[in-house]
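One structure is given here, and the rest of the page talks about it.
Reckoned from all heavy atoms, side chains included, excluding hydrogens, waters and symmetry mates. The first residue in the sequence is number 1, and the count goes up from there.
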Amino acid sequence: AVNVTVSPLAGSGDPGSANGTGTTASFNQPVGLAIDAAGNIYVADLGNNLIRKINSHGVVTTLAGSGAQGAANGIGTAASFFEPSGIAVDAAGNVYVADYGNNMIRKINSTGVVTTLAGSGAIGAANGTGTAASFYVPSGVAADTAGNLYVADFGNNLIRKIKSNGLVTTLAGGVGTATAAYFNNPAGVALDAADNVYVADFGNNRIERINSHGVVTSLVTFFYYPSGITVGVAGNIYIADPTNNLIWQINSTGALTKLAGSGNPGAAN
């Protein structure tokens, strides 16, 4: 058994976009989370079209986004997003956003400047550099230790890789690829310390691993539309199982346990 305590970090529980401390702040469909080395948490606030930041004291601010749907680049609130979904942060403090509605991957540097790292904005599965590449509602994003990004390309049923120079390739999925793996709306990606890629394969109800050689294996098939995934410092994998209203843990031996949640909808601590 795993003993955990669940308590509110931030959010009133009602839809809104208020900044503030702890439960005085509000969100609207926060779907992606990432944490940096200093303990700051970054939130993809999908319903508000915003990227929010929660510092180590629980103070919530708006990092980037005007709140209006758009694809504008710029500094902080001068930029715009369209249903940002996945979020990641690298060792240098750059924040990356899977901008779901814009079919783009966006970058927010340490000074708050928002740029488009990859994606033309049009629906497609083209590989190439920067805006010459295309995505189809990218849902999840993760960064490795070398500065490469991995994208759960939800609508294309692919896992894509973006090198630090913006070159987009297909890592796994699709007919005729080297791995010959089949994904069904992959929603989330995460990496461990050895840069193995883990995929929350939403439509297939399973968790998959892509090793450094591109070999895909299924770890667990037990979920109901798993969406979020992350790997802890000890190598434990954590999965958000939204339809079952549960958080699961897979430990380093592959054992699956329920970490939190009764299985019923609610907000009880």
Please check if the side chain of [X] supplies one atom and the backbone of [Y] the other of a donor-acceptor pair under 3.5 Å.
{"X": "S85", "Y": "A98", "answer": "no"}
{"X": "N28", "Y": "D45", "answer": "no"}
{"X": "S26", "Y": "G11", "answer": "no"}

Checklist entry - Looking at residues at least two apart in the chain, or sitting in another chain, which of them share a ring-ring contact (aromatic ring centres under 6.0 Å, His included) with F223? => result W248
Checklist outcome for this item: The ring-ring contact (aromatic ring centres under 6.0 Å, His included) partners of Y225 (sequence neighbours excluded) come to F202
At what distance, to the nearest 0.5 angstrom, does [atom1] of [X] lie from [atom2] of [Y]?
{"X": "T217", "Y": "E208", "atom1": "OG1", "atom2": "CD", "result": "8.0 Å"}
{"X": "I250", "Y": "L219", "atom1": "CD1", "atom2": "CG", "result": "5.5 Å"}
{"X": "Q249", "Y": "T257", "atom1": "CD", "atom2": "OG1", "result": "4.5 Å"}
{"X": "I75", "Y": "N109", "atom1": "CD1", "atom2": "CG", "result": "8.5 Å"}
{"X": "N40", "Y": "K53", "atom1": "CG", "atom2": "NZ", "result": "4.5 Å"}
{"X": "S56", "Y": "D36", "atom1": "OG", "atom2": "CG", "result": "9.5 Å"}

Taking C-beta and beyond as the side chain, do [X] and [Y] meet within less than 4.5 Å on heavy atoms?
{"X": "L46", "Y": "P30", "result": "no"}
{"X": "V97", "Y": "M104", "result": "no"}
{"X": "D201", "Y": "N184", "result": "yes"}
{"X": "L117", "Y": "L149", "result": "yes"}
{"X": "S218", "Y": "I207", "result": "no"}
{"X": "N245", "Y": "N264", "result": "no"}
{"X": "I237", "Y": "I229", "result": "yes"}
{"X": "T116", "Y": "N73", "result": "yes"}

Would you kindly confirm whether [X] and [Y] end up in one hydrophobic cluster when ILVMFWY residues are joined by side chain heavy atoms under 4.5 Å apart?
{"X": "V4", "Y": "Y238", "value": "yes"}
{"X": "I87", "Y": "F82", "value": "no"}
{"X": "F81", "Y": "Y100", "value": "no"}
{"X": "I239", "Y": "F222", "value": "yes"}
{"X": "V216", "Y": "L191", "value": "yes"}

Checklist entry - Which residue pairs satisfy the ring pair (Phe, Tyr, Trp, His ring centres under 6.0 Å) criterion with at least one member in residues 6-61, sequence neighbours excluded? => result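 Found none.
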Item to check | Whether over 12 other heavy atoms sit under 6.0 Å from I35 CD1 | outcome: yes
If you take all heavy atoms of [X] and [Y], which pair is closest and at what distance?
{"X": "F183", "Y": "N157", "value": "O-CB, 3.2 Å"}
{"X": "R52", "Y": "V60", "value": "NH2-CG1, 3.6 Å"}
{"X": "S80", "Y": "A68", "value": "CB-O, 3.6 Å"}
{"X": "I247", "Y": "A240", "value": "CD1-CA, 3.9 Å"}
{"X": "N127", "Y": "V168", "value": "CB-O, 3.2 Å"}
{"X": "A152", "Y": "G188", "value": "CB-N, 3.9 Å"}

Next on the checklist: Using the rule side chain to side chain contact (heavy atoms under 4.5 Å, CB included), only one of V151, I159, L158 pairs with P186; which is it?
Outcome noted: I159
Next on the checklist: My understanding is that only one of L9, T21, L33 makes a side chain to side chain contact (heavy atoms under 4.5 Å, CB included) with I54; could you say which?
Outcome noted: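 Answer after filtering L9, T21, L33: L9.
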All N/O donor-acceptor pairs, side-chain side in residues 130-138, below 3.5 Å, sequence neighbours left out:
{"unit_1": "S134", "atom_1": "OG", "unit_2": "A125", "atom_2": "N", "d": "3.2"}
{"unit_1": "S134", "atom_1": "OG", "unit_2": "A126", "atom_2": "N", "d": "2.9"}

Item to check | Qualifying residues under side-chain contact (heavy atoms from CB on, under 4.5 Å), relative to N244, sequence neighbours excluded | outcome: Y224, D241, L246
Next on the checklist: Applying side-chain contact (heavy atoms from CB on, under 4.5 Å), can you list everything that pairs with D90, at least two apart in sequence or on another chain?
Outcome noted: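 Only A92, N94, Y96, A143 meet the side-chain contact (heavy atoms from CB on, under 4.5 Å) criterion with D90.
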Checklist entry - Cut-off 3.5 Å, side chains only: do T129 and N165 have a donor facing an acceptor? => result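 No, no side-chain donor-acceptor contact under 3.5 Å.
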